[in-house]
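Structure, as structure tokens:
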Amino acid sequence: MKIAVIGSNNVDLISYIHRMPEQGETIEAPDFRLGCGGKGANQAVAASRLGSEILMVTRVGTDLFAENTIANFKENGIDDKYILRTEGSSGVAPIFVDEQSNNSIIIIKGANALLSPQDLQDARADIEQCQLIVLQLEISLETVYAAIDLGKELGIPVLLNPAPAAPELSLERVKSVEFIMPNETELSLLSGMPVESIEDISNAAHVLLDVGIKNVIVTLGVRGVLWITAEGEKLIEGNKVDAIDTTGAGDAFIGCFSHYWAETGDIEESLRIANLYAGDSVTKYGTQTSYATASEFKEKYTDKL
């Protein structure tokens with residue numbers, strides 16, 4: 001299975017806190033960790049650890065973080081052929097995780113903002129060999145739209161994770177994607193509708209279906225995931241775990257789904273397994289460091305795979 005991930009990489013600066021400070025207040029935090037992240041990189045690493053061959057198209061800066069990011073890709077079996085250099089800062093993400101394992105994240109795009117449609121054309125021959133294109137919104141919308149158009153031109157299905165939420169995202173420009181995977185907040189922003197109940201979520205999802213998107217897959221945290229198509233909907237329930245850090249769980253879900261769907265073509269089963277994988281990730285600290293390898297995952301969940 002070969003998957004093209006076109007998107008971001010960030011350095012995660014993770015502070016574990018008792019609470020957020022008030023304006024003008026300085027407080028002490030009990031722990032800090034530095035890690036590799038970014039939605040694109042996270043999804044790529046998760047799929048690679050499960051056994052997919054990943055074509056990563058991204059940009060890093062020329063700062064101290066860049067070499068560490070490139071080394072991390074290599075360590076996770078991802079070729080650096082299209083990990084491109086941009087003068088200036090790499091992407092950075094300060095992350096705050098509270099005692100209930102809830103997280104708040106600030107994104108500084110840095111070099112990610114300069115990934116361009118021309119970069120995709122330069123990688124076109126290799127992208128053409130992939131079974132799936134995976135996208136997020138931590139790069140410019142111009143490049144996101146160009147990647148979707150390229151997927152349509154090449155006949156390659158596209159999975160769009162519309163995160164971080166972007167109110168200016170044009171549904172008309174993304175209607176050809178095979179999968180769109182928002183969380184509840186992102187779905188509400190895209191549809192302009194409430195998402196308080198499963199019925200609300202279903203109604204909001206139909207706004208996306210009505211423009212032509214085939215599969216709307218809404219991640220619901222501990223409740224699981226709701227898969228909606230023009231033919232009907234299916235709630236795949238989540239798995240109860242003792243969560244200690246939810247950072248990157250959505251990316252674990254998407255990376256795992258991408259791997260298993262590329263391998264089997266079975267959407268429902270891939271969603272079920274992705275729920276397991278994402279649930280496992282929140283029982284460990286960090287982002288990519290919490291993603292199990294194929295052997296670790298199979299050993300832990302032998303009776304469920």
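Sequential numbering from 1 along the given sequence is applied to the chain's residues.
Interatomic distance, CG of Leu208 versus CD1 of Ile213, reported as 5.0 Å (0.5 Å rounding).
Looking only at distances, a side-chain donor or acceptor of Ser270 sits under 3.5 Å from a matching main-chain atom of Asp266. Remark: side-chain polar atoms of Asp119 are not paired, donor with acceptor, to backbone N or O of Leu115 under 3.5 angstrom. No donor-acceptor distance shorter than 3.5 angstrom exists from the side chain of Asn103 to the backbone of Val97, with no hydrogens or angles considered. A distance-only check finds a donor-acceptor pair linking the side chain of Arg49 to the backbone of Gln288 [under 3.5 Å]. Of the possible donor and acceptor atoms, one in the side chain of Ser281 sits under 3.5 Å from a partner among the backbone N and O of Ala278. When atom types are taken as modelled, the side chain of Asn183 and the backbone of Thr185 share a donor-acceptor pair closer than 3.5 angstrom. Under a 3.5 Å cut-off, the side chain of Thr246 and the backbone N or O of Ser101 do form a donor-acceptor pair. In this structure, Gln43 contributes its side chain and Gly40 its backbone to no donor-acceptor pair below 3.5 Å. A distance-only check finds a donor-acceptor pair linking the side chain of Ser191 to the backbone of Leu187 [under 3.5 Å]. For Asp200 (side chain) and Ser197 (main-chain N/O), a donor-acceptor pair under 3.5 Å exists by modelled atom type.
Taking the charged nitrogens against the carboxylate oxygens, Lys81 and Asp126 do have a contact shorter than 4.0 Å, which makes a salt bridge. Classification of Arg173 and Asp149 as a salt-bridged pair holds, one side-chain N sitting under 4.0 Å from a carboxylate O. We find that Arg19 and Glu25 are joined by a salt bridge, their nearest charged nitrogen and carboxylate oxygen being less than 4.0 Å apart. A salt bridge is absent between Glu138 and Lys39; no separation between the charged side-chain nitrogens and carboxylate oxygens falls under 4.0 Å. Salt bridge Arg223/Glu237: absent, no basic N to carboxylate O contact under 4.0 Å. Of the charged side-chain nitrogens involved, none lies within less than 4.0 Å of a carboxylate oxygen, so that Lys2 and Glu128 do not count as a salt-bridged pair.
Paired with Pro157 under the rule side chain to side chain contact (heavy atoms under 4.5 Å, CB included), one option of Lys214, Glu178, Gln131, Lys152 passes, and it is Glu178. A side chain to side chain contact (heavy atoms under 4.5 Å, CB included) with Leu189 is found for exactly one of Pro182, Pro162, Pro167, namely Pro167.
When all heavy atoms are compared, the tightest approach of Asn10 to Ile108 is OD1-O, 4.0 Å. Nearest heavy atom pair, residue Ala147 against residue Leu135, reads CB-CD2, 3.5 Å. Here the closest non-hydrogen pair linking Pro117 and Glu142 is CG-CG, 3.8 Å. The minimum heavy-atom distance linking Ala166 with Leu137 is given by the pair CB-CD1, 3.9 Å. Nearest heavy atoms, Glu168 versus Tyr145: O-OH, 3.9 Å.
If you check the side chains of Ser90 and Asp63, you find a donor sitting under 3.5 Å from an acceptor. Under 3.5 Å, the side chains of Tyr16 and Asp98 contain no donor-acceptor pair of N or O atoms. Side chain to side chain, Thr69 and Asn72 fail the donor-acceptor criterion of an N or O pair below 3.5 Å. Under the 3.5 Å distance criterion, with hydrogens and angles disregarded, no donor-acceptor pair is assigned to the side chains of Arg59 and Asn112. A donor-acceptor pair shorter than 3.5 Å cannot be found between the side chains of Asn76 and Ser48. Side chain to side chain, Thr58 and Asn9 meet the donor-acceptor criterion of an N or O pair below 3.5 Å.
Side chains of Ile244 and Val282 form no contact here, defined as non-hydrogen atoms less than 4.5 Å apart.
Heavy-atom contacts from other residues, nucleotides or ligands closer than 6.0 Å to CG of Leu64 number 12 or fewer.
Using cut-offs of 30° and 60° on the angle between ring planes, the pair Tyr277 and Tyr291 is tilted.
Under the 4.5 Å side-chain heavy-atom criterion for Ile, Leu, Val, Met, Phe, Trp and Tyr, Leu120 and Leu159 are members of distinct hydrophobic clusters.
Aromatic ring centres of Phe257 and Phe179: separated by under 6.0 Å.
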Dump the intermediate steps for side-chain contact (heavy atoms from CB on, under 4.5 Å) on Asp280 and Val241, then the final yes or no. CA-CA 8 Å; Asp280 180 68; Val241 297; over 6 Å; no
